[in-house]
Amino acid sequence: ASSNSRLGPPARQRPAAAHPGPTGVLREPGTEMTPEIRAIADRFMYEQATVKHIAALAPEGGLDRAAPGTSWSVRQLLGHLAQSLNDYAAMIQKWVRGESPISPGWDPDAVNAETATRLANASLGELMTLFGTGINGLVAALESIPDERVGEQFGQAPLMETLRVFGGHC
């Protein structure tokens, strides 16, 4: 018999202890969000993973092709989607802190143009990194939403409506 056989079966791991959620209420592990927000987070994770997978399969030169219906390349469109995840995370974090989620004078067309220009030559690795930081930041921001604020306004629309619009965009 090997020396490992004397060790016996692996020790059982204790289940993780409940921890205070953002509202201070004890929640069971894996329930850091309301079911509705968890569903939105799951959708973001699934869809960004799918987009990253498809982008990784693009043939040589594929990222430089024109994205149909836009003046951007596929690379710029991917960069825009990845940057949007980061922007959504920042907006949610501001809202959770009690600040306006949208800065006065914010011009989405100017932001989009700057993003497209900035990421016009981004490598696939840089885009993947931007997607990664975006989804990680967004999920962390969604986890930080206190349960009692789920029904509140997020700028000019209710939070949940805004999150669904975000999800439809990316």
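Keep in mind it's a predicted model, so treat the numbers as computed, not measured.
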Q.
Checking Arg38 against Asp42 for the side chain to side chain contact (heavy atoms under 4.5 Å, CB included) test, could you report, in this order, the C-alpha distance in whole Å, the side-chain angles of both residues, the deciding distance, and whether it holds?
A. CA-CA 6 Å; Arg38 177 82 250 177; Asp42 288 347; 3.0 Å; yes
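With rounding to the nearest 0.5 angstrom, the OG1 atom of Thr34 is 7.5 Å from the CD1 atom of Ile145. Atom CG in Asn86 sits 4.0 Å away from atom OG1 in Thr133 (nearest 0.5 Å).
In this structure, Gln93 has no side chain to side chain donor-acceptor pair (under 3.5 Å) partners at least two apart in sequence or on a different chain. Evaluation of the salt bridge (Lys or Arg N to Asp or Glu O under 4.0 Å) rule for Glu126 yields no partner, not counting sequence neighbours. Applying the salt bridge (Lys or Arg N to Asp or Glu O under 4.0 Å) criterion to Arg164, with sequence neighbours excluded, gives no partner residue. With sequence neighbours left out, the side chain to side chain donor-acceptor pair (under 3.5 Å) criterion links Arg149 to Glu152. With sequence neighbours excluded, the residues forming a side chain to side chain contact (heavy atoms under 4.5 Å, CB included) with Ala157 are Glu161, Thr162, listed by chain and number. Evaluation of the side chain to side chain donor-acceptor pair (under 3.5 Å) rule for Gln153 yields no partner, not counting sequence neighbours. With sequence neighbours excluded, the residues that form a side chain to side chain donor-acceptor pair (under 3.5 Å) with Asn112 are His80.
Sorted by first and then second residue, the side-chain hydrogen bond (donor to acceptor under 3.5 Å, both in side chains) pairs involving residues 98-109 (not counting sequence neighbours) are Lys94-Ser103, Arg97-Glu99. Counting only residues at least two apart or on different chains, no salt bridge (Lys or Arg N to Asp or Glu O under 4.0 Å) pair has a member in residues 81-92. Listed by first and then second residue, the side-chain hydrogen bond (donor to acceptor under 3.5 Å, both in side chains) pairs involving residues 51-71 are Asp64-Arg75 (not counting sequence neighbours).
Ile54 and Leu78 are assigned to two separate hydrophobic clusters, defined by single-linkage of ILVMFWY side chains at heavy-atom distances under 4.5 Å. By the criterion of side-chain heavy atoms lying less than 4.5 angstrom apart, applied directly or through intervening Ile, Leu, Val, Met, Phe, Trp or Tyr residues, Trp95 is grouped together with Val111 in one hydrophobic cluster.
Annotation for Thr117 and Gln76: closest pair N-NE2, 4.2 Å, computed over non-hydrogen atoms. Heavy-atom minimum distance, Ala55 versus Leu63: O-CD2, 4.4 Å. Residues Leu85 and Phe44 approach most closely at CD2-CD2, 3.6 Å, considering heavy atoms. In terms of heavy atoms, Val139 sits closest to Ala41 at CG2-CB, 4.5 Å. Residue Ala89 comes nearest to Ala141 through the heavy atom pair O-CB, 3.7 Å, listed as atom of the first residue, atom of the second, then distance. Of all heavy-atom pairs between Leu127 and Ala122, the closest is CD2-CB, 3.9 Å.
Within the 4.5 Å cutoff, the side chain of Phe154 has no heavy atoms near those of the Leu163 side chain. Looking at Met128 and Leu124, their side chains come closer than 4.5 Å, going by heavy atoms from C-beta outward. No side-chain heavy atom of Phe166 sits less than 4.5 Å from a side-chain heavy atom of Leu138. The closest side-chain heavy-atom distance from His169 to Tyr88 is below 4.5 Å. Using a 4.5 Å heavy-atom cutoff, the side chains of Phe131 and Leu81 are in contact. Counting heavy atoms from C-beta outward, Glu143 and Ile37 have side chains that stay 4.5 Å or more apart.
Hydrophobic side-chain contacts under 4.5 Å tie Leu130 into a cluster, directly or through other members, with Leu119. Other residues sharing the hydrophobic cluster of Tyr46, ordered by chain and number and joined by side-chain separations under 4.5 Å: none, the residue standing alone.
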